[in-house]
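Order of the sequence lines fixes the chain letters, A, B, ..., with proteins taken first and strands second; residue numbering starts at 1 for each chain. All values derive from a computational prediction rather than experimental measurement. Computation of the quantities below employed the complete heavy-atom set of this structure, encompassing side-chain atoms and omitting hydrogens, waters and symmetry-equivalent molecules.
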There are 2 protein chains.
Amino acid sequence: MDSSLVKLRSRLEVYKAMTDGGNIADCPVRDVIQGLNGKSSSLLTAALAEQPYRFGELRRLVPDISQRMLTQTLYDLQRDGYVHREVFPTKPPSVEYSLTELGRSMFDALQHLLQWAENNHDAVREARAGFDAAGLNPGG
Amino acid sequence: MDSSLVKLRSRLEVYKAMTDGGNIADCPVRDVIQGLNGKSSSLLTAALAEQPYRFGELRRLVPDISQRMLTQTLYDLQRDGYVHREVFPTKPPSVEYSLTELGRSMFDALQHLLQWAENNHDAVREARAGFDAAGLNPGG
DNA sequence: AGTGCTGGTCTCTTTTTGAGACTATCACCC
DNA sequence: GGGTGATAGTCTCAAAAAGAGACCAGCACT
């Protein structure tokens, strides 16, 4: 674990140098992670890691996403190479979305964070509650 | 790896049930990950995982973030329990931000994704380039 | 001919983000 | 004793992103 911290230091300097240079696209974190930052990107990737899904299925699976955002998020995931989109000439035509190899590889890394979120959801909620309560009564 | 896929299926169903029920806050992915989705949250967490930093230092470390967003992102990270904020009554007063235990734990999970981003930055860029090129010339 | 399914797009409104001017306090310098 | 610089922010205005939901087009079924 300490060794990863050592690696981290140099990595951070790389990030800094790159953003410092002006070209943000050269910073992997900004460039890659930002593409995953959509409000439902993680969830959709998780769904597609399970199995391929069609547009309408994804919509039902993640009901609080608007069609517009679902379209756009899938488009972005496809553009970044995580998702494959295939149109079947049925009547009416159906569209199937699936994870590419790159997408599956990315999801393997993302999964750690999803797992953490699940394990620590309560801790985060408690932190929020405590913070808000303290904020309302700052007069110590 | 396959066993994690099995776990995933049931997990996804939990997500679905929870968003389906209407209360999005009960879905760990939406609730936790969304708090990390800020454009620079990952980068700031990475910086603070290295060592504590002061406000101005963070601003210089991540130059393309506005003061306003830096303030707000740090506030959000603090509220979710990842970051500790300490004011020192120097003249002028200085404020130091550091990772809490929870934040460090979260970063351990996040780090996989950061590492992946670094390793696969080129692949993502190529995917984008290929997608855009194909999009301009769709007539097959 | 009307209804439903498919996978979207278009418009309008609200929310989020970005850029950057402005605040307040105190040490230092002249 | 007044201007300058450092600290860590806040405030306002403009632009970008996201959400809600109406609308579109093609075809099967009735």
Margin query: Please verify the inter-ring angle class for A:Phe131 with B:Tyr75; under 30° counts as parallel, over 60° as perpendicular, anything in between as tilted.
Written below: perpendicular
Margin query: Rounded to whole Å, please give me the gap between CZ in B:Arg59 and P in D:dG9.
Written below: 11 Å
Checklist line | Nearest-angstrom distance from the residue atom OH of B:Tyr97 to P of D:dA8 | finding: 8 Å
Checklist line | Close residues, residues 75-83 of chain B, relative to DNA chain C [heavy-atom separation under 4.0 Å] | finding: none
Next item on the list: Would you classify B:Phe88 as touching base, sugar-phosphate or nothing, given that sugar-phosphate means primed atoms plus P, OP1 and OP2, and contacts are heavy atoms under 4.0 Å?
Entry: nothing
Notebook entry, point to check: If you round to the nearest 0.5 Å, how far is CZ of B:Arg79 from CG of A:Asp132?
Noted result: 4.0 Å
Produce the list of close N/O pairs, under 3.5 Å, pairing protein atoms with atoms of nucleotides 17-26 of chain D; give distances to one decimal.
from	atom 1	to	atom 2	distance (Å)
D:dA18	N7	A:Arg68	NH2	3.3
D:dG19	OP1	A:Lys39	NZ	3.2

Notebook entry, point to check: From B:Gln67 CD over to B:Leu58 CG, what is the distance, rounded to the nearest 0.5 angstrom?
Noted result: 12.0 Å
Notebook entry, point to check: Could you state the OH-C1' distance from B:Tyr53 to D:dT7, rounded to the nearest angstrom?
Noted result: 19 Å
Margin query: With a 3.5 Å distance limit and no angle check, can you tell me whether A:Asp80 reaches the backbone of B:Val124 through a side-chain donor-acceptor pair?
Written below: no
Next item on the list: Select from B:Thr71 and B:Arg54 the residue whose nearest nucleotide in DNA chain D is closer to the 5' end of that strand.
Entry: B:Arg54
Notebook entry, point to check: In Å and rounded to the nearest 0.5 Å, what is the CG to CG distance from B:Leu77 to B:Leu36?
Noted result: 7.0 Å
Check: Does the pair B:Trp116 and B:Asn119 meet the rule for a side chain to side chain contact (heavy atoms under 4.5 Å, CB included), with working shown?
Finding: CA-CA 5 Å; B:Trp116 187 92; B:Asn119 293 345; 5.7 Å; no
Item checked: Nearest-Å distance for atom pair CG/C1', residues B:Leu70 and D:dT10 -> 13 Å
Notebook entry, point to check: Got a donor-acceptor contact below 3.5 angstrom from the A:Thr100 side chain to the A:Gly81 backbone?
Noted result: yes
Margin query: Is it the case that the side chains of A:Ser42 and B:Arg30 hold a donor-acceptor pair, with the cut-off being a distance below 3.5 Å and no angle test?
Written below: no
Next item on the list: Please state how far atom CZ in B:Arg60 lies from atom C1' in D:dT7, giving the value in whole angstrom units.
Entry: 10 Å
